[in-house]
Amino acid sequence: MLRTHTCGELRKEHAGSEVTLSGWIRSIRDHNHFAFVNLTDRYGFCQVYFDENLKPQLEKEAYVQLKGEVKARPEKEINPNMATGEIEVICKEMKILSRSKVLPFELFDKIDVKEETRLKYRFLDMRRPQMIERLTMRSKIASAIRKAFEEMSFLEVETPVLVRSTPEGSRDFVVPSRVHHGKFYALPQSPQLYKQMLMIGGLDRYYQFARCFRDEDARRDRQLVHTQVDVEMATTQQEDVFRAVEHVMKTIFSDVLDVELKTPFPTYTYDEVMARFGIDKPDMRFGMELIDCGEAVSESGFVLFENALKDGATIKGIVAPGCAAYSRKQVSKLEKYIHQFQAKGLVAFKVKDGKLEGSPVKKMSEESVQKLYEKAAAQDGDLLLLCVGKSDIVHRSLGELRNYLARELNLIPEGEYNFLWVIDFPLFEWDEEANSWTPMHHMFSMPKDEFIENFEENPGDVKAQLYDLVLNGVELGSGSIRISYPEIQKRVMNLVGMSEEEAQKKFGFLLDAYQYASPPHGGIGMGFDNLVMTMLQLENIREVIAYPNASNGMFLYDGSPTPIECEQLDELHLNVVEKEEDEEANNEKSSEE
RNA sequence: GGAGACGUAGCUCAAUUGGUUAGAGUACCGGACUGUCGAUCCGGUGGUUGCGGGUUCGAGUCCCGUCGUCUUCGCCA
């Protein structure tokens, strides 16, 4: 070995011993006749003393190997902020193994560098203790997850990475076949179909860290490539999946964060969370629930409200605590925020001296103002904000506004981990564009028992054995009990407008498998990157991924994607069509054939 | 595909709102210092203001286009 110890492990009890260390030279503190250096590696950093003779060799951020003697520091020179602060190493001999160019940015934790630069030089960014810590936590969480699943007799099974392309769901990344002219593999959007077949295959309990590929625009919490903790269990009901996942969460929070979670996690129905929080992944660490004000203002005399109600609109509100002093400008900033969710605007009331104030009050009957005040149950100094419109828009807007205000007003308690299950999701939603019903999740989710007999009658009302795991307002995972009965599967496909031929063509391999007696089964897929991000209380998924992509799908550390050689294209039977100036002539976006 | 923000020294930012030679911190280079803790002190180098047009006596600043990063809507079964 090129070292006897790592840079982070030397302590007082090593004093007097001869050691060999390897690491990067960071922070040279030159005192003319001698110098101090922090020698660093993944494990920490260690102060090394260089005398006048050895000092000239020092080069910042060079990777060196050195021999020296560990010396206990005198009392007054101990650095309590440093794990190795009670000792230093007196360098006797140093060899530079590798030199460094001047760094594009410094490698401290509190750097303020454009992310673009950090991603381009990810290998340097990763040397920062903060990034080391994040990737270390990620690894620890992963191994705790494995431990927990193994305790419950789950098998880790790998599913294929080159799979059949399915047009359902998100856009596939596609891989051309060299051997099969004009044919393509796809990278899996998730192992969904393959894990279902594992259940038919009798594996009974499966989990996997699965890479999932989705050719969609990236977001703060979404990457082209992400890692999913994928789970499936046979002979199971919804609650069995919950208990298994809770065991895993309990284990990782206890092992990695030393946080003891209370289980079971509470469950809420989809309808309830939508009504109370406007959003299917509510953050329940704070209050500010939505208030249904339609009834209170139904006879207010205010044209805006009355006309809206006549058109079947929803009128809901939230109370922003202590915001009565908000200026018109501040309210309009909030309105601007909800414009992006198609909301028209906000009607604002200030709460003062036990009643509502503000310009809308003048347009309303005294009685309805009082009714609204009572309904809102707000305190003096609060601001009541009403949103009027189509129910899905009002819910989404207020739901997002609630989160926005909570962040703005610092209402979110730190260090709290609020888990919950959202159950009873609708099985179908109406797709305006396609003018048909589509599955809310995917078409293999089982309706709840009471809907099985005639779910065709009112598809929009059908609830499914479909659930999400939510942590602090982040959707961590989504799953369902699957349809293991070919008859029911056929009816669901029928309802979403998929003919038998089409179904055979796209999913025949799966539907055939179900002809051979499947145990009832279900499972869940959990976003591992999101889990790590939320556990570390970070806002951006890229902070917990070693090699993330930028928002336009570029990988800044290697510059991909790139064009490929003509020879490669020929071998794959591909032709790249130049993008034409005339967009109309080229509205088929695909440039590959 | 749409919207917004940003782009000035290697890095992070400033430039009195269109005014003359574009500044600061840090990094880098040189010097001083016998106990520092991302040392300190003194001095110095460093700029095609992302790129291309335009308006103007004059543009980092205004306009148009373009490229890049971030956020977001759409999209993400």
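Proteins get letters first, then strands, A, B, ... in listed order; numbering begins at 1 in each. In this text, all values refer to a predicted model and were calculated from it rather than measured experimentally. What you see below is based on every heavy atom in this structure, not just the backbone, and it leaves out hydrogens, waters and symmetry mates.
- Mapping A/F34 and A/D112 onto RNA chain B by nearest heavy atom places A/D112 closer to the 5' end of the strand.
- Distance check on atom C1': B/G25 versus B/A15 gives 15 Å, rounded to whole Å.
- Shown here, B/C37 forms no base pair; nothing in the strands shown gives a Watson-Crick or G-U wobble contact with both key distances under 3.5 Å.
- Nucleotides B/G60 and B/A3 place their C1' atoms 26 Å apart, quoted to the nearest Å.
- One C1' atom belongs to B/U8, the other to B/U48, and the distance between them is 12 Å to the nearest Å.
- Here the separation of B/A9 from B/G46, taken at their C1' atoms, is 6 Å to the nearest Å.
- Look at the C1' atom in both B/C29 and B/C67: the space between them is 34 Å, to the nearest Å.
- Distances shown here put every side-chain N or O of A/N79 at or beyond 4.0 Å from the OP1 or OP2 atom of B/U36.
- Across all strands shown, A/E88 has heavy atoms under 4.0 Å from base atoms, whether or not it also approaches the sugar-phosphate.
- Side-chain proximity of A/R73 to B/C70, B/C11, B/U36: nearest is B/U36.
- For the pair A/E52 CD and B/C33 P, the computed distance is 10 Å after rounding to whole Å.
- At a cut-off of 3.5 Å, with distance as the only test, no side-chain donor of A/D558 or A/Y547 sits close to an acceptor on the other residue.
- If you measure from atom CZ of A/F45 to atom C1' of B/G38, you get 9 Å, rounded to the nearest angstrom.
- If you check the side chains of A/N38 and A/R29, you find a donor sitting under 3.5 Å from an acceptor.
- Distance OG1/A/T117 to CZ/A/R122: 12.0 Å, rounded to 0.5 Å.
- The separation between A/E116 atom CD and B/G68 atom P is 10 Å, rounded to whole Å.
- Proximity of the aromatic rings of A/F34 and A/F50 is defined here by a centroid distance below 6.0 angstrom, and this criterion is not met.
- Between A/R11 and A/E86 there is no salt bridge, since no side-chain nitrogen of the basic residue lies less than 4.0 Å from a carboxylate oxygen of the acidic one.
- Summary of the strand contacts: A/M440 and A/L119 both lie near RNA chain B, and taking for each the nucleotide with the nearest heavy atom, the more 5' one is attributed to A/L119.
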Seminar exercise, completed: A correct 5'-to-3' footprint of nucleotides 44-49 of chain B, with B, S and - meaning base, sugar-phosphate only and no protein heavy atom under 4.0 Å, is ------
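- Note on A/S190: a base of the nucleic acid sits closer than 4.0 angstrom, heavy atoms only.
- Residue A/D30 is in base contact, counting any heavy-atom pair closer than 4.0 Å across all strands shown.
- For the residue pair A/Q196 and A/Q192, a side-chain donor N or O sits within less than 3.5 Å of a side-chain acceptor on the partner.
- Base pairing annotation: B/G58 forms no Watson-Crick or G-U wobble pair, as no partner gives both donor-acceptor distances under 3.5 Å.
- Nearest nucleotide to the A/R29 side chain, out of B/C70, B/U36, B/A27: B/U36.
- Here the side chain of A/N32 is nearest to one of B/G38, B/U69, B/C33, namely B/C33.
- In this structure, A/R214 fails the cation-pi test against A/F173, since its NZ or CZ atom is not both closer than 6.0 Å to the six-membered ring centre and inside 45 degrees of the ring normal.
- For A/E106 and B/U26, a side-chain-to-base donor-acceptor distance below 3.5 Å is absent, hydrogens and geometry of angles not being considered.
- Whole-Å rounding puts the A/L556 CG to B/C67 C1' distance at 14 Å.
- Contact annotation: side chain of A/R118 to base of B/C11, donor-acceptor pair absent below 3.5 Å.
- Nearest nucleotide to the A/Q47 side chain, out of B/C11, B/U69, B/C37: B/C37.
- Here the separation of B/G43 from B/G4, taken at their P atoms, is 47 Å to the nearest Å.
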For this session: Going 5' to 3' through nucleotides 71-76 of chain B, assign each nucleotide B (protein heavy atom under 4.0 Å from a base atom), S (under 4.0 Å only from sugar-phosphate atoms) or - (no protein heavy atom that close).
Result: SSBBBB
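- Remark: side-chain polar atoms of A/H395 are paired, donor with acceptor, to backbone N or O of A/S391 under 3.5 angstrom.
- Taking the syn range as angles within 90° of 0, the glycosidic angle of B/U71 is outside it, so the base is anti.
- Here the separation of B/G31 from B/U16, taken at their C1' atoms, is 37 Å to the nearest Å.
- Atoms CD1 (A/I28) and C1' (B/C33) sit 17 Å apart, rounded to a whole Å.
- For the P atoms, the distance from B/G52 to B/C73 is 35 Å, rounded to whole Å.
- Of all nucleotides present, only B/C6 satisfies the Watson-Crick or G-U wobble test against B/G68, with each distance under 3.5 Å.
- A/D424 pairs in a side-chain hydrogen bond (donor to acceptor under 3.5 Å, both in side chains) with only one of the listed residues (A/K448, A/Q465, A/K463), which is A/K448.
- Residue A/K60 places at least one side-chain N or O under 4.0 Å from the OP1 or OP2 atom of B/C28.
- Annotation: the span from A/I200 atom CD1 to A/H521 atom NE2 amounts to 5.5 Å, rounded to 0.5 Å.
- For the residue pair A/Q189 and A/D172, a side-chain donor N or O sits within less than 3.5 Å of a side-chain acceptor on the partner.
- A donor-acceptor distance shorter than 3.5 angstrom exists from the side chain of A/H442 to the backbone of A/F444, with no hydrogens or angles considered.
- Picking from B/U36, B/C28, B/G38 the nucleotide with the shortest atom distance to the side chain of A/F108 gives B/G38.
- Atom C1' of nucleotide B/U69 and atom CE of A/M554 are separated by 11 Å, given to the nearest angstrom.
- If you take CD of A/Q223 and P of B/C70, they are 10 Å apart, rounded to a whole angstrom.
- In this structure, B/C11 and B/G25 make a Watson-Crick or G-U wobble pair, each of the two defining distances being under 3.5 angstrom.
- Taking the 5.5 Å centre cut-off and the 30° plane limit, the aromatic side chain of A/F36 is classed as stacked on B/U36.
- A salt bridge does not link A/R222 with A/E216: every distance from a Lys NZ or Arg NE/NH1/NH2 to an Asp or Glu carboxylate oxygen is 4.0 Å or more.
- When rounded to the nearest whole Å, the span between NZ of A/K55 and P of B/U36 equals 16 Å.
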